[in-house]
A.B. asks: 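Before I ask anything, here is the structure I am working with.
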Amino acid sequence: MTFTKTLLASSALVGLMAGAAAAQTEIHWWHAMGGANGERIDRMAAEFNAMQSDYVIVPTYKGNYTETMTAAIAAFRAGEQPHLVQVFEVGTATMMAAEGAIYPVEEMMADAGEPFDGDAYLPAVVSYYETPEGELLSMPFNSSSPVLWYNADALAAAGVDVPTTWDEMETAAQALVDSGMECGFSFGWQSWVMIENYSAWHDMPMGTQENGFAGFDTEFTFNTEAVANRLQRIADMQEGNLFVYGGRRGDSLPMFTNGECGMWMNSSAYYGSMVAQAEFEFGQAMLPLDTDLADAPQNSIIGGATLWALRGHDAAEYEGLAQFMTYLSSPEVQAWWSQETGYVPITTAAYELGQEQGFYAENPGTDTAIQQLSLNAPTPNSRGIRFGNFVQVRDVINEELEALWAGDQTAQEALDNAVERGNELLRRFERSVN
Amino acid sequence: MLKRVHFPASLLPYLLVAPQVIITLIFFIWPASQAVYQSFLIEDAFGFSTEFVWFENFEYLLQDDHYRDSFGRTIFFSAAVAFLSMSFALILAGFADRVIRGSTTYRTLLIWPYAVAPVLAGALFLFMFNPTIGIFPYLLEMVGYDWNHYLNGRQAMFLVIIAAAWKQVAYNFLFYLAAMQSIPRSIIEAAAIDGAGPIRRFATIIFPLISPTTFFLLVINAVYAFFETFGIIHAVTQGGPANSTTTLVYKVYNDGFIGLDLGGSAAQSVILMFMVIVMTVIQFRFIEKRVQY
């Protein structure tokens, strides 16, 4: 009996919901957040849908970042594009070049009559996604920055402090190994952490034309002695396992959470995974500084993704989308999202709300990424990067660096090869968009 | 002098072959011609600007060292996968053929892996060989061998070969077993009476008699290793480290769907298409002559 009742009740509910949905305007949002973050996205959409009755946000998980972007592009070519798509930061140049496909978010908000204040956002976050004229192209959503994750228990056992410079990194790694750890440190997303951010952190350009911001006719220049020296020293640290390479992206995370490596450089957004997996005291600290190159760090650059509005829908639908954008960047939503995930709150108000709530005081180190990002006003070297075909370029950098870690070439050779191959990809991109 | 025979014109034969022709047109000729057309273009991802460049995409590929390397790598990978999976399947089938009691159980167990999707097979091996949490690196470490396929290209290649071969063993086994069971028992029994042991019977009677199956499987395995191993490579190494497991088909995917270089990717698939055509022709013209039906 109860079962039949439940069934009846639920089918009535489904019928009601379907009826309600038909009267409302659907807004489709394709995203790349699986697992727990996907559930958080569903929760945001549900909350927004409950707040008003004109629009229904329909979030759809489309696979990882590249799969989502490819799906959106294919859908656009077929005239079936969603209103909103989440695209990772390296896809920015590709999206920007597709002027007929994208609806710059600042323009969309203005057209929809939705108030928008660009100054409310963190400069290091929005500067990555602005045109040279300062118009915001896409809405920052989940932004992170690489930090130095450390195993506090292991460092204490080894009797060393959390390193702040690369010299101290080497000492600490040695002490960790001496104290019985299997490896000193490792990192993931090596192009992002060790080239893109390493350059920005020391205020060095990675390519010409303001790292690509000033035009598509940019060339890579990161094969400098400074970067090569650092990478060579890391490669030499493989002797005695002071450094161990553990794969691309976040593949090396288990090496840190299992207690093999005492330090790990990667995105602050691994916070959720750390809380779930690490069975030791862990913390995050700012990226180490190369004292040979700079006296103080500049600022780090972001990773993660933004939300791009795509053209080809009715104006009324964009009004709903604009309202949703306002909702997403409200302090409450951003504070909740950033505290749960380890992503950076994208507005100053959200950061301040987190401080008021006492989150950062209770969880020391969780604001490391935001402090790194807002350390100084971004320079042309530290504003971000905007290179075409950059997904492939990152693969090229991965390949060349892997050959370095495997001992097949020196750091200088690896960087020279990466720059040469990367420049070819830049030229191909320049041709394809002109 | 032959006399011409005129059959009355009829629509029926055309109707009967029509489904086959239509399917071939829609699912093979049309996409293949699209690929050929696309390979002459340099185009942005969204399709806003398109430039017709004739063979420039091909020239770019042929002067690319990494593309040439992936040729050799693909051939090595395919040969290794085909050899390993076929020889293991042959040995297993040879034994299973002799089993009298419980043969159905053996057969079922041996055929099982075929039901596993390539990407899942890849995931299984990925877990077993994960340098940090996998069981095999743990065992290897006991004998002093350091396993890290994230860094060591040869280990990565070994891993994808093993995973791809393991998955194909079941399929090959099925065909070998069927072929062996269709050999008349009387021939084998006659050889046994003449004093030939199991190994000699296998070498001089069974193996030559199943040569058509071996040939068939060679073609199938080559195609499998060329195309269907994509899922395994994608799950296990994603072509890395340092490109050491990037086969031709993986590069097509990577350049087209990750890199959004549609022209270059289409040019690669056109090259791949010609390679398969040439390979099939060679196999049928030269290797087939050595097969006794």
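Because the structure is predicted, anything quoted here is derived from the model rather than measured. The sequence lines fix the lettering, A, B, ..., with proteins before strands; numbering per chain opens at 1.
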A.B. asks: Does atom CZ of B:Phe71 have more than 12 heavy-atom neighbours, drawn from other residues, nucleotides or ligands, at distances under 6.0 Å?
C.D. replies: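 Counting neighbours around CZ of B:Phe71, more than 12 heavy atoms of other residues, nucleotides or ligands fall under 6.0 Å, so yes.
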
A.B. asks: Counting only heavy atoms not in B:Phe48, do more than 12 sit closer than 6.0 Å to its CZ atom?
C.D. replies: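 Atom CZ in B:Phe48 is crowded, with more than 12 foreign heavy atoms closer than 6.0 Å.
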
A.B. asks: Between chain B and chain A, which N and O donor-acceptor pairs fall under 3.5 Å? A table would be great.
C.D. replies:
| from | atom 1 | to | atom 2 | distance (Å) |
| --- | --- | --- | --- | --- |
| B:Glu43 | OE1 | A:Arg77 | NH2 | 3.4 |
| B:Glu43 | OE2 | A:Arg77 | NH2 | 3.0 |
| B:Ala45 | O | A:Arg77 | NH1 | 2.9 |
| B:Ser49 | OG | A:Ser432 | O | 2.4 |
| B:Glu51 | OE1 | A:Arg431 | NH2 | 3.4 |
| B:Glu51 | OE2 | A:Arg431 | NH2 | 3.0 |
| B:Glu56 | OE1 | A:Arg431 | NH1 | 3.2 |
| B:Glu56 | OE1 | A:Arg431 | NH2 | 3.4 |
| B:Glu56 | OE2 | A:Arg431 | NH1 | 2.3 |
| B:Asn57 | OD1 | A:Arg428 | NH2 | 3.0 |
| B:His66 | NE2 | A:Arg421 | NH1 | 3.1 |
| B:Asn148 | ND2 | A:Tyr245 | O | 3.2 |
| B:Gln238 | OE1 | A:Arg249 | NH1 | 3.2 |
| B:Gln238 | OE1 | A:Arg249 | NH2 | 2.4 |
| B:Ala242 | N | A:Glu402 | OE1 | 2.3 |
| B:Asn243 | ND2 | A:Glu399 | OE1 | 2.9 |
| B:Asn243 | ND2 | A:Glu399 | OE2 | 3.3 |
| B:Phe257 | O | A:Thr70 | OG1 | 2.8 |
| B:Asp261 | OD1 | A:Arg428 | NH2 | 3.1 |
| B:Asp261 | OD2 | A:Arg428 | NE | 3.3 |
| B:Asp261 | OD2 | A:Arg428 | NH2 | 3.2 |

A.B. asks: So which part of B:Leu262 gets closer than 4.5 Å to some heavy atom of chain A, the side chain, the backbone, both or neither?
C.D. replies: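 Contact with chain A is through the side chain of B:Leu262 alone.
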
A.B. asks: Looking at residues at least two apart in the chain, or sitting in another chain, which of them share a side chain to side chain contact (heavy atoms under 4.5 Å, CB included) with B:Phe227?
C.D. replies: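 So B:Phe227 forms a side chain to side chain contact (heavy atoms under 4.5 Å, CB included) with B:Val223, B:Val249, B:Leu272, B:Val276.
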
A.B. asks: If you count heavy-atom pairs under 4.5 Å with chain B, which of A:Ala97, A:Gly247, A:Ala72, A:Ala74 comes out on top?
C.D. replies: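 Highest number of pairs under 4.5 Å: A:Gly247.
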
A.B. asks: Has B:Phe52 got more than 12 heavy atoms of other residues, nucleotides or ligands less than 6.0 Å from its CZ?
C.D. replies: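 Buried by this count: over 12 neighbours within 6.0 Å.
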
A.B. asks: Quick check: are there more than 12 heavy atoms from other residues, nucleotides or ligands sitting under 6.0 Å from CZ of A:Phe216?
C.D. replies: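 For A:Phe216, atom CZ is crowded (more than 12 foreign heavy atoms under 6.0 Å).
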
A.B. asks: What distance separates B:Phe257 CZ from A:Ile73 CD1, expressed to the nearest 0.5 Å?
C.D. replies: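 These two atoms lie 11.5 Å from each other.
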
